[in-house]
Asks: 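Let me begin by handing over the structure; questions about it come next.
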Amino acid sequence: MLRKKKWQEAIWILLAIVIVTLALGPYLWFVMISFKDRTDILSPTIRFLFKPTLSNYPKIFIDREFIIFLKNSIIVALGTVAISLIVGIPAAYSLSKMPVVGRKHIMFFILSSRMAPPITIAIPLYILFQKIGILGHYSAVIISHVTFGMALVVWLVKTFFDDIPSDLEDAGRVDGCSRFNVFRYIMLPLALPGIVVSALFVFVFSWSEFLFALILSGHDARTMPPAFPGLITPHGTFWGQCAAAATISTIPGVLLILLFHKYLVRGLTFGAVKG
Amino acid sequence: MEVESKKAMVWLLPCMVLLFIVDIIPFLVAIGESFRALSFTLLSQRGQWVGLDNYRKALNDPVFLESILTTFKILVPALSIELLLGLGIGLLLAQFQRARRFLMSIIAIPMMIAPVVIGMMGVLALNSEFGPIGIILRNFNLVEKAILGTSLAWIAIVILDIYQWTPLAAIIFLAGILAMPQEPFEAAQIDGASSWQRFLFLTLPMLKNLFAVVLFLRFIDAFKMFDKIWIATEGGPGRTTQTVSIYAFRHGFLRWNLSYGTTLALLIFLVSFIVTYLFVKFSKV
């Protein structure tokens, strides 16, 4: 019996190693490409031993001015996070703790903006933004990203407010705190982990978003994702540079996971599943 | 109560106003646009009223219907494998105690990479001259050139999607498995149920709701899949990987046929709306 257990354990560990390799391997391989020079990348056999070079990074970010896209990505993502939080948190609070008429319908309405295919909103936004003249500005991309970001904040932060017992709030009210002060001094600090996690999820979403940015950012506000396809050409792609830009683009997402894996399931399911 | 619900509206108002601006107005513009003919390339189409012509055209457009089939051709195998593999990985990770969190974080990494970057990784990996997978495929004479340039390109897209999104199923199932009550399992064991029976009659039924959650989340996202395909094949070669979103995009922004592109996009929205509605109605989430 004991023997069988040991065997089983060995198999579990082996399988876990296989899965981790499959998940992490391709990513590490691509990161590794960013430190290879051209001959190492284009070799017909995979070279694990190579002389690492940092030259791809300045080449793509400075010579090919990817640093502008990086800056744009940061501005758009921060703007999206700020608006989503400012508008989303009060809504989440009221949907969690106040008697809202038609709560379920409102929640569904907010969710449907997350579920709509971007292309459905993108074409009319393009027409509208062109009319009011903000096409190609940061605000155009930020507004389009807020549709998703706000829905995530409302749904996710609401579940964190739900977790706070209403007794705490009632106690505050009895002691003469106004509704706003209860929110400000009791509820907000208690929901802070949820708010931080939502903010990061919205950041990573906006940071990775492709279609809206491609259509609405024009040249001046172009973020990183829509700049990637232009790097791949049929006649000689500089893969080291592509990988360098891609590696930098993965940093926020990987950080989010390493710092907040506790809330990963909750964030990814809009709060529907608590991990 | 009356006063309280009015106060609640004040808190909700900014959110509602913003949703109105970013969702309802564009949506109404889209609907208005779909009854007109606006094109930047065809000078005869300057936005005149055409009634239901665009919808009639869409429903009789063989390429649009083909793009729906292509979407499902990619979506069905991808989602099935993600669910099954995800369940397996979830069950496996549940066996671990101390290493569980660590393993979970590691396998979650592909989800956090931008889909467009995943597509880019695929293009390089499948290159038949210097991409690791491409070289292997060539050495086994499975394909003579890069798979993304052949009619099998859709399989590559399926695999990229599986790579990126199996972790979602895995960590959701893992959360579900860990949250399951222990008593039924102990009782079943005492009653002599084999581990296979316990899995079949206890674990699986308890995960039913989570299956719905994963399937829903993945369907909604996979149905509008765009980024990966756009960077890897642009819907090609030919039309073999042209999903509905790619097709609508082509009409809207490559042929600048905005009205027709919008009409297609609205039909795509209709599908996700119905699915979302059914999910919210029939699930307890």
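Proteins come first, then strands; the chains are lettered A, B, ... in the order of their sequence lines, and each starts at number 1.
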Asks: So which of A:V254, A:I106, A:V204 has the largest heavy-atom pair count under 4.5 angstrom toward chain B?
Replies: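 Among the listed options, the one with the most contacts to chain B is A:I106.
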Asks: Examine whether an atom of A:I232 lies under 4.5 Å from a heavy atom of chain B, and if so say whether it belongs to the side chain, the backbone or both; otherwise answer neither.
Replies: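 Side chain only.
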Asks: How close do B:L92 and A:A16 get, counting heavy atoms only, and between which atoms?
Replies: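 Looking at all heavy atoms of both residues, the shortest contact is CD2-N, 3.8 Å.
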Asks: For the atom pair NZ (B:K7) and CZ (A:F180), what is the distance rounded to the nearest 0.5 Å?
Replies: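 B:K7 atom NZ to A:F180 atom CZ measures 14.0 Å (nearest 0.5 Å).
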Asks: Are any side-chain N or O atoms of A:T120 and backbone N or O atoms of B:L266, one a donor and one an acceptor, separated by less than 3.5 Å?
Replies: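 Not at all, since once roles are kept as given, no pair shorter than 3.5 Å links the two residues.
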Asks: Using a 4.5 Å cut-off on heavy atoms from C-beta on, say whether the side chain of A:K262 contacts that of B:R101.
Replies: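 They are in side-chain contact.
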Asks: With respect to B:L103, which candidate in A:I17, A:I19, A:V20 satisfies the side chain to side chain contact (heavy atoms under 4.5 Å, CB included) definition?
Replies: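 Only one option passes, and that is A:V20.
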Asks: Could you grab the distance from atom CG of B:L12 to atom CG of A:L95, nearest 0.5 Å is fine?
Replies: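 Reported to 0.5 Å precision, the distance equals 4.5 Å.
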Asks: If we only count heavy atoms from C-beta on, is the A:H261 to B:F102 side-chain gap below 4.5 Å?
Replies: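 Heavy-atom side-chain distance check fails, nothing below 4.5 Å.
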Asks: Where does A:I127 contact chain B at under 4.5 Å (heavy atoms): side chain, backbone, both or neither?
Replies: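 Only the side chain of A:I127 comes within 4.5 Å of chain B.
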Asks: What part of B:F223 gets within 4.5 angstrom of chain A, counting heavy atoms only: side chain, backbone, both, or neither?
Replies: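 For B:F223, there is no contact with chain A at all, as no heavy atom is under 4.5 Å.
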Asks: To the nearest 0.5 Å, tell me how far B:L124 CG sits from A:I33 CD1.
Replies: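 Between atom CG of B:L124 and atom CD1 of A:I33 there are 5.0 Å.
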Asks: In terms of heavy-atom pairs under 4.5 Å, which option from B:V29, B:V22, B:V10 contacts chain A the most?
Replies: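 Counting heavy-atom pairs under 4.5 Å, the top option is B:V22.
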Asks: If I compare all heavy atoms of B:L18 with all of A:M150, which pair ends up nearest, and what's the gap?
Replies: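 In this case the closest contact between B:L18 and A:M150 is CD2-SD, 3.7 Å.
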Asks: Counting only non-hydrogen atoms closer than 4.5 Å, does A:F108 touch chain B with its backbone (N, CA, C, O), its side chain (CB onward), both, or neither?
Replies: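 It is the side chain, since no backbone atom gets that close.
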Asks: Evaluate the ring planes of A:Y126 and B:F253, with Trp represented by its six-membered ring, and classify them as parallel (under 30°), tilted (30 to 60°) or perpendicular (over 60°).
Replies: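 Geometry flag for B:F253 against A:Y126: perpendicular rings.
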Asks: Quick one: list whatever passes ring-ring contact (aromatic ring centres under 6.0 Å, His included) with A:F238, sequence neighbours left out.
Replies: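 ring-ring contact (aromatic ring centres under 6.0 Å, His included) list for A:F238, sorted by chain: empty.
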Asks: So which of A:A245, A:C242, A:S249 has the largest heavy-atom pair count under 4.5 angstrom toward chain B?
Replies: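 When all of A:A245, A:C242, A:S249 are compared, A:C242 has the most.
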Asks: Restricting to ring-ring contact (aromatic ring centres under 6.0 Å, His included), what partner residues turn up for B:H251, sequence neighbours left out?
Replies: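 Here the qualifying residues are B:Y247, B:Y260.
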Asks: I need the minimum non-hydrogen distance between A:L125 and B:P26, along with the two atoms involved.
Replies: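 Heavy atoms of A:L125 and B:P26 come nearest at CD2-CG, 3.6 Å.
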Asks: Between A:I110 and chain B, which part of the residue has a heavy atom less than 4.5 Å away: side chain, backbone, both or neither?
Replies: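 Both backbone and side chain of A:I110 come within 4.5 Å of chain B.
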Asks: Tell me, side chain or backbone of B:L217 under 4.5 Å from chain A's heavy atoms, or both, or neither?
Replies: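 For B:L217, side-chain heavy atoms alone lie under 4.5 Å from chain A.
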Asks: Is A:V153 close to chain B through its backbone or its side chain, or both, or neither, when contacts mean heavy atoms under 4.5 Å?
Replies: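 Answer is neither: A:V153 stays 4.5 Å or more from chain B.
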Asks: How close do A:I123 and B:A248 get, heavy atom to heavy atom, and via which atoms?
Replies: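 So the minimum-distance heavy-atom pair works out to CD1-O, 4.5 Å.
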Asks: For residues A:P117 and B:K224, report the shortest heavy-atom separation together with the two atoms involved.
Replies: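 Taking every non-hydrogen atom into account, CA-CD, 3.5 Å.
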Asks: Side chain, backbone, both or neither: which part of A:F30 has a non-hydrogen atom closer than 4.5 Å to chain B?
Replies: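 Answer is side chain: those atoms of A:F30 sit under 4.5 Å from chain B.
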Asks: Using non-hydrogen atoms and a 4.5 Å limit, figure out which bit of A:I215 sits close to chain B: side chain, backbone, both or neither.
Replies: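 The side chain, not the backbone.
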Asks: Please report the interatomic distance OG(B:S105) to CG(A:L24), rounded to the nearest 0.5 Å.
Replies: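 So the OG of B:S105 and the CG of A:L24 are separated by 11.0 Å.
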Asks: Once you round to the nearest 0.5 Å, how far does CD1 of A:I13 lie from CD of B:Q95?
Replies: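 Answer rounded to 0.5 Å: 11.5 Å.
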Asks: Heavy-atom pairs under 4.5 Å with chain B - which of A:W207, A:F205, A:F109 has more of them than the others?
Replies: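 Option with the greatest count: A:F109.
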Asks: Less than 4.5 Å to any heavy atom of chain A: does that hold for the side chain of B:M111, its backbone, both, or neither?
Replies: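 Contact with chain A: side chain only.
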Asks: Report which part of A:L15 has an atom under 4.5 Å of a heavy atom belonging to chain B: side chain, backbone, both, or neither.
Replies: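 Contact with chain B involves both backbone and side-chain atoms of A:L15.
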Asks: Is it the backbone or the side chain of B:L93 that comes under 4.5 Å from a heavy atom of chain A, or both, or neither?
Replies: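 Contact with chain A: none, neither part.
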Asks: Could you tell me which portion of A:F129 (side chain, backbone, both or neither) has an atom closer than 4.5 angstrom to a non-hydrogen atom of chain B?
Replies: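 Contact with chain B: none, neither part.
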Asks: Less than 4.5 Å apart, side chain to side chain, heavy atoms only: is that true for B:V116 and A:E209?
Replies: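 Answer no - side chains too far apart.
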Asks: Which atoms of B:N127 come close to chain A, meaning under 4.5 Å heavy atom to heavy atom: side chain ones, backbone ones, both, or neither?
Replies: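 Contact with chain A involves no heavy atom of B:N127 at all.
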Asks: Would you please test B:F96 and A:W12 for ring-ring contact (aromatic ring centres under 6.0 Å, His included) and show each step?
Replies: CA-CA 9 Å; B:F96 291 87; A:W12 293 151; 8.0 Å; no
Asks: Relative to chain B, which segment of A:T269 carries a heavy atom at a distance below 4.5 Å: side chain, backbone, both, or neither?
Replies: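 For A:T269, the contact with chain B is made by backbone and side chain together.
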Asks: Given side chains that start at C-beta, do those of A:I121 and B:F269 come closer than 4.5 Å, heavy atoms only?
Replies: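 A side-chain contact is absent here, since even the closest heavy-atom pair is not under 4.5 Å.
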Asks: For B:S245 versus A:I119, what's the shortest heavy-atom pair and its separation?
Replies: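 Scanning both residues, the minimum pair turns out to be OG-CG2, 3.9 Å.
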Asks: Please look at A:F270 and chain B and tell me whether the side chain, the backbone, both or neither of the residue comes under 4.5 angstrom of a heavy atom of that chain.
Replies: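 No part of it gets close to chain B.
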Asks: Can you tell me which portion of B:F226 sits under 4.5 Å from chain A's heavy atoms? Options are side chain, backbone, both or neither.
Replies: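 For B:F226, the side chain is the part near chain A, not the backbone.
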Asks: Measure A:I89 against the heavy atoms of chain B and call it side chain, backbone, both or neither at under 4.5 Å.
Replies: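 It is neither, since no heavy atom gets under 4.5 Å.
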Asks: Heavy-atom cut-off 4.5 Å, strictly under: side chain, backbone, both or neither for B:L13 against chain A?
Replies: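 Answer is neither: B:L13 stays 4.5 Å or more from chain A.
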Asks: Pick one of side chain, backbone, both or neither for A:L128, based on which atoms fall under 4.5 Å of a heavy atom in chain B.
Replies: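 The side chain, not the backbone.
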Asks: Keeping the roles fixed (side chain from B:Y163, backbone from A:A23), state whether a donor-acceptor pair exists under 3.5 Å.
Replies: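 Yes; judged by distance alone, with no hydrogens or angles, the pair exists.
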